[in-house]
Amino acid sequence: MSLLSIRDLHAGYGSADVLHGISMDVDAGQVVVVLGANGAGKTTTMRAIAGLIGRRGTVELDGKPLGKRPEQVVGAGISLVPQGRGTLGQLTVMDNLRVGAALRDDKDGVASDIERWTEVFPVLGRRSHQIAGSLSGGEQQMLAVARALMSRPRLLLCDEPSLGLAPIVVQELFDTLSQINKADGTALLIVEQNAELAMDLADTVYLLDVGTIAATGTPAEFRSDDAVRSAYLGY
Ligand code: ATP
């Protein structure tokens, strides 16, 4: 059984649908990457799963319907790293991490997770009392990932984690995501423009095209498909 199963998902803004019935699966511990051109509906997919916008269709976690409110989604074990600077800019780094654990009541576990993530992302430890809004873009992205991990998700949704980051920081961030996936078995659903880098991590790739799934396969299958390669991988 899939960890996350999406069937015939429709979502959009106002009366206009952006997603026209997409179906996707994420197995436990898997890394799934969603590729697609600008405006294809990648962010909309993430926001619909996370409960930030309304949705129709079936979304199940472990075979059980996933609630539609953001706190139900987090409580069920799914956490979103939003696109852009997904931190609470007025709060300190430490308070952002605490907010990420707001639904937990295991104080000791929360404290040890804060210690863990500030070791994994040392800059967050060094700047723990700094206001998040004054961190650099890359530092804020690390904080957004660490904050999302503070709920101990079984599935982490990452919306364009590489956006606006220097190549070396991007590589570091993807290495860290890969380590978290391997060490904890946290499944990853990643939306990414940097297709090559994301595919290095992926077990399964979906191609989203104007709100529908146009192709599905392994990274090897995607790389050997001439049409997909020239349109989305640029070589
Ligand atoms: P990108 O790679 O450029 O981030 P994307 O695949 O993530 O693109 P979405 O952000 O999901 O695309 O947007 C899909 C469509 O929905 C676009 O046509 C966009 O203009 C529209 N859209 C996004 N957000 C809103 C909104 N808040 N209100 C109305 N339309 C929106």
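Keep in mind that what you see is a predicted model, and the values were worked out from it rather than measured. In listed order, ligands and their atoms are each counted from 1.
At a heavy-atom distance under 4.0 Å, only backbone atoms of A37 (N, CA, C or O) approach ligand 1. For V18, every heavy-atom contact with ligand 1 shorter than 4.0 Å involves the side chain, none the backbone.
Under the 4.5 Å side-chain criterion, counting only non-hydrogen atoms from C-beta, V34 is not in contact with I190.
In this structure, the protein non-hydrogen atom closest to atom 9 (P) of ligand 1 is T44 OG1, 3.6 Å. Nearest protein neighbour of atom 3 (O) of ligand 1, counting heavy atoms only, is N38 ND2, 2.9 Å. Closest to atom 10 (O) of ligand 1, if we only count protein heavy atoms, is T43 CB, 3.5 Å. Protein heavy atom closest to atom 4 (O) of ligand 1, with residue, atom name and distance, is Q83 NE2, 3.6 Å. The protein non-hydrogen atom at the shortest distance from atom 27 (N) of ligand 1 is Y13 CD2, 3.6 Å. At the shortest separation from atom 8 (O) of ligand 1 among protein heavy atoms lies G39 N, 2.8 Å.
Ion pairing of R223 with D200 is present here, as a side-chain N (NZ or NE/NH1/NH2) and a carboxylate O approach within less than 4.0 Å.
For the residue pair E192/S162, the side-chain donor-acceptor check at 3.5 Å is satisfied. One side chain, Q30 or T204, offers a donor N or O that lies under 3.5 Å from an acceptor on the other. Counted by atom type alone, T43 and D159 present one or more donor-acceptor pairs between their side chains at under 3.5 Å. If you check the side chains of Q171 and D175, you find a donor sitting under 3.5 Å from an acceptor.
Ligand 1 is never approached by G12 to a heavy-atom distance shorter than 4.0 Å. G41 counts as a contact of ligand 1, since one of its heavy atoms falls under 4.0 Å from the ligand. Residue-ligand proximity: R47 is placed with every non-hydrogen atom at 4.0 Å or more from ligand 1. Under the 4.0 angstrom criterion for non-hydrogen atoms, Q193 is in contact with ligand 1.
For atom 19 (C) of ligand 1, the nearest protein heavy atom lies 4.0 Å away or farther. Atom 13 (O) of ligand 1 is flagged as protein-proximal [any protein heavy atom, distance under 4.0 Å].
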Side-chain donor-acceptor contacts of residues 105-112 below 3.5 Å, not counting sequence neighbours, with atom names and distances?
{"unit_1": "D106", "atom_1": "OD1", "unit_2": "R104", "atom_2": "NE", "d": "3.0"}
{"unit_1": "D106", "atom_1": "OD2", "unit_2": "R104", "atom_2": "NH2", "d": "2.9"}
{"unit_1": "S112", "atom_1": "OG", "unit_2": "G109", "atom_2": "O", "d": "3.2"}

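Summarising the local packing, CZ of R127 is surrounded by 12 or fewer heavy atoms from other residues, nucleotides or ligands at distances under 6.0 Å.
Applying the side-chain contact (heavy atoms from CB on, under 4.5 Å) rule to V74 yields the partners L103, S151; only residues at least two apart in sequence or on another chain are considered.
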